[in-house]
Every structure is written in structure tokens, then in C-alpha cells.
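Just follow the structure's listing: the first ligand is 1, and inside any ligand the first atom is 1.
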Amino acid sequence: MDEFSLIKKYFADLNSTPIDGSVKLGIGDDAAIIRPANGEDLLITTDTLINAVHFPDKTPPRAIAYKSLAVNLSDIAAMAGTARWFTLALSLPEPDQNWLKEFSAGLFELANMFHVQLVGGDTTRGPLSITISVIGTVSKGGSVRRSTAQVGDRIFITGEPGLAKLGLSTVNKEIELPEKEKMRCLDKLNYPQPRLQEGVFLRDYASSMIDVSDGLAADLAHIADASACSAVLLAQALAEFNPESHSLTANMAIDAVLYGGDDYELLFTVPTDKCEEMEQAWSAAFSNLSCIGEITAGKGVFLQERAGELRKITAAGYNHFHV
Ligand code: ADP
Ligand code: MG
């Protein structure tokens, strides 16, 4: 199968998200033509996933595709934007038809769920790697940055941070979990749910926002550093996560919450006078939201133990060039 029939069969022909008029030209020419509406800011993000670095060897192709798109959608969510279009640069060791079929099924499953349209890409032979770029929109000036947290703001996180890390630890045979819990953690690892609707909702409330890819401690440090503030996490609030923890030591459970990457939850801050309204409106629309701490004056991220003492936490999130 040549490159062009491969692109047609697995990508162009399966690209069924209805066109909303913004795509003047999609796959097939030298570049796509997109016409955003007046008054929209564009949000542009790229992430590469490499075999055995970002996903374990032998990850099902459906999960590889799903996750490659999900991590990019999560970045758009963290800016409070709407994901609209994406490109896919795929490097493949060989054109394995079964692999491609499952890969494109996983890709379009998620793309259709969030109405984001594939508008182009590149297909090459080489070690397995997937680069996706997503373009999103947000009303002019309406996006939420990581650099605008204020002293006194409360810190919130969606979902259950730490589960993806537990999933990875079971794959690597570092821990064992009961079957049902293991499946739940693997699902979080392989099929992260981008919090796009939540991100748009938070436009009216969040003073700053980031998605958790490197780990809660590391990504909170990004908010704190960019906002020139400090952040204090409450150990008691973090202990609420991970019902799986009964089969782990307390330290392993808290480590998964603080340092486990790949959660793709939204981590954000809200001014205290907006918290009550936000939490009420949140529970009418979504579930799983936790207040886990507060932004304070100073520098760095701290954990406040139950007894009250503060412990500085080093932000040891995943870092590709760590020495
Ligand atoms: P060019 O040589 O002009 O860069 P290509 O031969 O790389 O064009 O690609 C032909 C068309 O197919 C382009 O419109 C490109 O965007 C699209 N395309 C290539 N690979 C993919 C892919 N994996 N997914 C979606 N579209 C793709
Ligand atoms: Mg090309």
C-alpha cells in the first residue's frame, strides 16, 4: 500500500466530523485553509508521543491514537478553549493494516466525540512516533493562562489525580492491584478524558489554569512560578484521592497523587469570593472536583500536614532532560 492510498483509506475517508464552514479546504492540498470567525483568538498546541517513552511498548494502537489526541485536547481545555481542528504527523516502522485500522478508529472515536476535525498531516517511515497539533478557538481575550493566579486564591483539581500513575506501575509490574481497580487505572492511563467542557465552564471563574501532564506537584509549581506566588497543598485533601490506596502504602499513594504524571486533569485557581458560586454551578454540570489548597505569597510548593507544619515539595514531575 502506498503512502497516498494509506492516507486516503485510514485518515481522509474516515474523517467524518461535520464541517462547520470554517474549513475551506481539508486533507489533499499542500495546506489546509481555515477561516476562523471574527472575534476569535486561535489557540495552537503540539505534542509528540514516542513509543516506549510516552506509552509502554505494546500499548494497543487504539489507545496510542486516543491518547495522542487527548493530550493535545487537554492543552486546549487548560486554556479554556474549544478544540476545532487538528493535524497528524505519523511516523511508522511499516504500514501494518491492522495497526492502522485500530489506530484510526481510536483517533476518530475521540475526534468525533469533541467535534474536532482532521485537516492535514504527514506520513513517514521511521520509529513509531505521533505528533498531533490541535488548533482551538476562544472568544477574543477569553483564555485562561497559568501566570495569573493571585495570593488568596483557592486551588482546585478535577477528577482523581494519581490513577494513571498507578496504571503505569501495574504495567511495569511495580505494584499489584485488584483486577477491577487495575482496569480503572489502566483506562485512565490509556484513555485520558480531556476536560474540554469543564475548561470552557471555568472561563468565568478560574484566575489561572493548567492541565496536569507532568504531575500535580510539577504543574502546580508551573502555576506558582509563572504567577510569582507560592502554593500550599493540604495533605488531608490529597488523602481523599485513590481509593486504591488500601492496597498500597500511604507514601506510595500520596506519591502517585503528587508526582504521577499523565492525569490530564485541570488544575486551576479561583478567587475566594467566586468559589461558592463556582462549586454550585460545577455540581449542576459536572462531577469530581476537589479543593486542595491555597495560593500564598512567596515561592515554591508546600504540603501542609494535618498537624499544620509545612513541608516543601520539590516538583519532581516527569522531565525528559532531567540530569
Ligand atoms: P506534501 O508533500 O505537499 O506535504 P503530503 O504528500 O505529505 O503532501 O500529504 C498529502 C496530503 O495528505 C496533505 O494534504 C496532507 O496534509 C495530508 N496528510 C498526509 N498525511 C496525513 C495524515 N497522517 N493524516 C491526515 N492527513 C495527512
Ligand atoms: Mg508532507
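Here D211 does not pair with R195 in a salt bridge; the nearest charged N to carboxylate O distance is not below 4.0 Å. Residues E305 and R311 are paired through a salt bridge, judged by an N-O separation under 4.0 Å between the basic side chain and the carboxylate. Between D13 and K8 a salt bridge is recorded (basic side-chain N to carboxylate O distance below 4.0 Å). Salt-bridge check for R154 with E276: failed, with every basic side-chain N at 4.0 Å or more from each acidic carboxylate O.
S208 pairs by the side-chain hydrogen bond (donor to acceptor under 3.5 Å, both in side chains) definition with T269, not counting sequence neighbours.
Taking every non-hydrogen atom of D122 and a distance limit under 4.0 Å, the qualifying atoms of ligand 1 come out as 7 (O), 19 (C), 20 (N), 21 (C), 23 (N). For ligand 1 and L88, the ligand atoms under 4.0 Å from any heavy atom of the residue are 22 (C), 23 (N), 24 (N). In summary, the atoms of ligand 1 found under 4.0 Å from a heavy atom of L118, numbered by their order in the structure, are 24 (N), 25 (C). Contact atoms of ligand 1 toward E3: 6 (O) (distance under 4.0 Å to a heavy atom of the residue). For ligand 1, the atoms closer than 4.0 angstrom to any heavy atom of D30 are 3 (O). In the vicinity of D29, heavy-atom distances shorter than 4.0 Å reach the ligand 1 atoms 13 (C), 14 (O).
Ligand 1 has an N or O atom lying under 3.5 Å from an N or O atom of G28, backbone or side chain. For ligand 1, one of its N or O atoms has an N or O atom of G121 under 3.5 Å away.
Residue pairs meeting the salt bridge (charged side-chain N to carboxylate O under 4.0 Å, His left out) criterion with at least one member in residues 166-175, sequence neighbours excluded, do not occur.
Taking the six-membered ring wherever Trp is involved, the centroid distance between the rings of F201 and F286 falls below 6.0 Å.
Only the side chain of I7 comes within contact range of ligand 1, with a heavy atom under 4.0 Å; no backbone atom does.
At a 4.0 Å cut-off, at least one heavy atom of F4 sits close enough to ligand 1 to count as contact.
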